[in-house]
Amino acid sequence: MNAFKYLFIIAICLLSFGCKVNYSFTGITETPETFQVNFFQNNADLVEPGLDRDFTDALQVRILNQTSAQLVLSGGEVIYEGEIVEYRISPMTATAENTAAQNRLTISVNVRYINTKDEEKDLEQRFSFFYDYPAAAQLSGSIKDTAFDEILERLTQDILNATLADW
């Protein structure tokens, strides 16, 4: 009986080491060897200086941090390109005096994802996210930094999920 236990444990170990399970907490199952992120030009009606650079950098960092893919300047196995198409500030809620109590910053990007190994995975999609802030506050300083951080984090995660993860 004792020998049977040892054989059973050895068999389980061999099976578990022999099986290659491709699992990740990020949901990314197939990581490309290389990726390239082309500059996302700001084509929104209202242009925020530096947003194009910040978004491009944020997408590169997100992919570097959540995959094992290497960033290349050209010839990437997968390519991200597109443009910022919306930067809008709009009133959201009103007070009893018919003034805005809260404003919403919305940023939208149009992304083209090109998979050079599998054309069926190519994608063109618009991604959008927002940040609400008090109307009495100006969108500058720490409020602007917080808004950009939150929006760019969500946009880049949504883009990564849509292109490389099986969500």
Side-chain angles (χ1 to χ4, degrees), residues 20-93 100 102-135 137-167:
K20 182 180 178 187
V21 177
N22 201 1
Y23 180 78
S24 165
F25 287 112
T26 61
I28 298 170
T29 57
E30 292 184 32
T31 301
E33 289 183 26
T34 60
F35 74 97
Q36 127 187 13
V37 177
N38 295 337
F39 187 73
F40 277 72
Q41 188 170 358
N42 194 341
N43 293 337
D45 291 336
L46 180 59
V47 174
E48 175 63 29
L51 179 60
D52 44 10
R53 180 197 63 239
D54 292 345
F55 175 78
T56 303
D57 291 346
L59 184 57
Q60 289 173 342
V61 168
R62 170 74 60 187
I63 298 168
L64 282 170
N65 287 342
Q66 292 192 4
T67 71
S68 60
Q70 298 297 312
L71 175 64
V72 295
L73 298 177
S74 64
E77 187 178 321
V78 296
I79 302 165
Y80 293 85
E81 61 184 25
E83 52 279 333
I84 299 167
V85 294
E86 181 180 26
Y87 181 92
R88 179 174 36 103
I89 300 170
S90 52
M92 289 308 299
T93 56
Q102 195 173 42
N103 286 333
R104 174 172 286 179
L105 169 63
T106 304
I107 298 176
S108 300
V109 294
N110 187 51
V111 176
R112 288 177 297 283
Y113 168 78
I114 302 161
N115 186 321
T116 61
K117 304 279 186 185
D118 187 356
E119 286 182 15
E120 289 184 17
K121 294 184 178 181
D122 288 359
L123 170 78
E124 182 167 358
Q125 185 174 335
R126 182 178 174 142
F127 296 88
S128 185
F129 200 69
F130 61 89
Y131 180 81
D132 292 336
Y133 62 97
Q138 293 289 323
L139 186 60
S140 61
S142 65
I143 293 176
K144 181 178 172 184
D145 292 342
T146 302
F148 278 21
D149 288 346
E150 191 170 312
I151 292 171
L152 295 182
E153 179 180 339
R154 181 61 181 266
L155 285 173
T156 57
Q157 188 64 56
D158 288 350
I159 292 166
L160 188 66
N161 289 345
T163 57
L164 295 179
D166 286 334
W167 293 101

(message) Within the structure provided, determine whether Ile159 and Leu59 are in side-chain contact (heavy-atom separation under 4.5 Å).
(response) yes
(request) Give the minimum heavy-atom separation between Leu164 and Pro32, together with the two atoms involved. (result) CD2-CD, 3.9 Å
(request) Identify the heavy atoms of Asn115 and Lys121 that sit nearest to each other, and give their distance. (result) ND2-CD, 3.8 Å
(request) Quick one: pull up CD1 in Ile63 and CG in Leu71 and give me the separation to the nearest 0.5 Å. (result) 8.5 Å
(request) Please round to the nearest 0.5 Å and tell me the distance separating atom CG of Leu155 and atom CD of Gln157. (result) 11.0 Å
(message) Please report the interatomic distance OH(Tyr87) to OG1(Thr106), rounded to the nearest 0.5 Å.
(response) 10.5 Å
(request) Start with the C-alpha distance between Leu139 and Asn103, add both sets of side-chain angles, then the distance that settles side-chain contact (heavy atoms from CB on, under 4.5 Å), and finish with yes or no. (result) CA-CA 9 Å; Leu139 186 60; Asn103 286 333; over 6 Å; no
(message) With a sphere of 6.0 Å drawn around CG of Leu46, does it hold more than 12 non-hydrogen atoms of other residues, nucleotides or ligands?
(response) yes
(message) Looking at Thr67 and Leu64, would you say the former's side chain and the latter's main chain have a donor-acceptor pair under 3.5 Å?
(response) no
(message) Strictly distance-based, threshold 3.5 Å: is any side-chain N or O of Gln36 a donor or acceptor partner for the main-chain N or O of Gly75?
(response) yes
(request) Please round to the nearest 0.5 Å and tell me the distance separating atom CD1 of Ile84 and atom CZ of Phe55. (result) 6.5 Å
(message) When you measure from the side chain of Thr56 to the backbone of Phe40, do you find a donor-acceptor pair of N or O atoms at a distance under 3.5 Å?
(response) yes
(message) Can you tell me how far apart OH (Tyr80) and CZ (Arg62) are? Round to the nearest 0.5 Å.
(response) 11.5 Å
(request) Would you please test Thr116 and Ile79 for side-chain contact (heavy atoms from CB on, under 4.5 Å) and show each step? (result) CA-CA 8 Å; Thr116 61; Ile79 302 165; 4.3 Å; yes
(message) Under a 3.5 Å distance rule, please check whether Thr34 uses its side chain to pair with a backbone N or O of Gln70 as donor and acceptor.
(response) no
(message) Testing the basics here: between Gly82 and Arg112, what is the closest heavy-atom pair and its distance to 0.1 Å?
(response) CA-NH2, 3.6 Å
(request) Please report the shortest heavy-atom distance between Ile143 and Tyr131, naming the atom on each side. (result) O-CE2, 4.3 Å
(request) Count the heavy atoms of every other residue, nucleotide or ligand shown that sit under 6.0 Å from CG of Asp118, and state whether that count exceeds 12. (result) yes
(message) side-chain contact (heavy atoms from CB on, under 4.5 Å), that's the test. Do Phe129 and Glu150 meet it? Break it down for me.
(response) CA-CA 9 Å; Phe129 200 69; Glu150 191 170 312; 4.3 Å; yes
(message) Set out, in order, the CA-CA distance, both residues' side-chain angles and the distance that settles side-chain contact (heavy atoms from CB on, under 4.5 Å) for Arg104 and Arg88, then state yes or no.
(response) CA-CA 8 Å; Arg104 174 172 286 179; Arg88 179 174 36 103; over 6 Å; no
(request) Would you give the length of the straight line joining atom OG1 of Thr156 to atom CD of Gln66, rounded to the nearest 0.5 angstrom? (result) 8.0 Å
(message) Show the nearest heavy-atom pair for residues Asn42 and Val47, with the distance to one decimal.
(response) ND2-CG1, 3.8 Å
(message) Using a 3.5 Å distance criterion without hydrogens, assess whether the side chain of Glu77 forms a donor-acceptor pair with backbone atoms of Glu33.
(response) yes
(message) Within the supplied structure, the quantity of interest is the number of heavy atoms (other residues, nucleotides, ligands) at a distance under 6.0 Å from Gln125 CD; does it exceed 12?
(response) yes
(request) Before accepting this row, confirm whether a basic side-chain N of the pair Arg126/Glu83 lies closer than 4.0 Å to the acidic partner's carboxylate O. (result) no
